[in-house]
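This report concerns only the one structure given below.
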Amino acid sequence: MISEPSRYYAVELQALPPRIGQIRRIVATHLRRWKLDDLVDPVALGVTELLSNVHRHAQPDKECTVELELLLDRLTVSVGDNDPRIPVAAEPAAEDLWDEPDTLATSGRGLAIVGALSDSWGVRPRGASGKVVWFTLTAPPYAGGPALAGAEADFAFGLVPLAPIVSYSRLAGVPLGTPAETPALAASGARA
């Protein structure tokens with residue numbers, strides 16, 4: 001059984017517009033360093049959408065944590081905040097299914113975008129008051145490189161299987177795999 005991710009990175013921040021762009025660049029740098037260049041664009045877009053949701057909706061504050069975790073061929077990206085409310089992907093109204101989409105709308109598509117760009121996504125509780133929204137992408141098998149050494153080894157944490165309380169697939173009505181097939185981020189040590 002694999003007990004350590006091959007790569008891990010986390011950053012805490014206030015989800016404010018200037019910080020979102022900075023985090024997008026930091027995430028892109030880590031992915032390139034991990035030889036995951038093909039995942040830079042979808043991960044940057046997904047992180048931007050999730051951080052924008054924290055900025056727009058999270059209460060009582062905008063504090064959050066962005067985590068990247070590479071385990072074998074699966075990259076899990078998560079954003080945790082202090083708002084326990086579970087987000088729901090917006091569904092178009094029945095009458096809108098036959099109309100043209102509102103191309104001028106400036107919000108309401110974030111989770112749909114995350115669902116479209118990822119292999120899977122979901123939400124799980126974080127402590128007594130908070131949640132983590134996560135998504136996964138398939139990584140090339142060579143990504144992550146050899147075992148970690150030195151300072152990078154300090155970021156390797158064991159995994160505890162946590163089933164998401166809500167999970168979505170790209171197609172409505174098509175279930176995702178069991179929680180054992182979907183990597184979840186662990187509550188390990190100070191990462192609660």
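Fair warning: this is a prediction, and the values are worked out from it, not measured in the lab. The basis for the numbers below is simple: all heavy atoms, side chains too, and nothing from hydrogens, waters or symmetry mates.
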* To do: Could you grab the distance from atom CG of Leu31 to atom CG of Asp38, nearest 0.5 Å is fine?
  => 11.0 Å
* Asked: Would you call Val123 and Val132 a side-chain contact if the rule is heavy atoms closer than 4.5 Å?
  -> no
* Quick one: closest heavy-atom pair of His55 and Lys62, and the distance? => O-NZ, 3.1 Å
* May I ask you to decide whether Arg74 forms a salt bridge with Asp119, counting only side-chain N to carboxylate O separations under 4.0 Å? => yes
* **CG-OG distance between Leu45 and Ser118, expressed to the nearest 0.5 angstrom** => 10.5 Å
* Hey, are the side chains of Pro42 and Leu137 touching, using non-hydrogen atoms and a 4.5 Å cut-off? -> yes
* Using a 4.5 Å cut-off on heavy atoms from C-beta on, say whether the side chain of Val133 contacts that of Asn53. => no
* To do: Would you tell me whether Glu67 and Tyr9 have side-chain atoms, one donor and one acceptor, within less than 3.5 Å of each other?
  => no
* To do: Could you tell me whether the side chain of Leu39 reaches within less than 4.5 Å of the side chain of Trp34, counting heavy atoms only?
  => no
* Donor + acceptor pair across side chains of Thr138, Asp73 (<3.5 Å) -> no
* Asked: Is it the case that Arg19 and Gln22 place a side-chain donor and acceptor less than 3.5 Å from each other?
  -> yes
* Asked: Is Val114 close to Leu50 at the side-chain level, that is, under 4.5 Å between some pair of heavy atoms?
  -> yes
* Side chains of Ser120 and Thr136, donor plus acceptor under 3.5 Å -> yes
* To do: Could you check if a side-chain atom of Glu63 sits within less than 4.5 angstrom of a side-chain atom of Gln14, using non-hydrogen atoms only?
  => yes
* Flag side-chain contact, heavy atom, 4.5 Å: Val47 against Val43 -> yes
* Is any side-chain heavy atom of Lys131 closer than 4.5 Å to a side-chain heavy atom of Asp83? -> yes
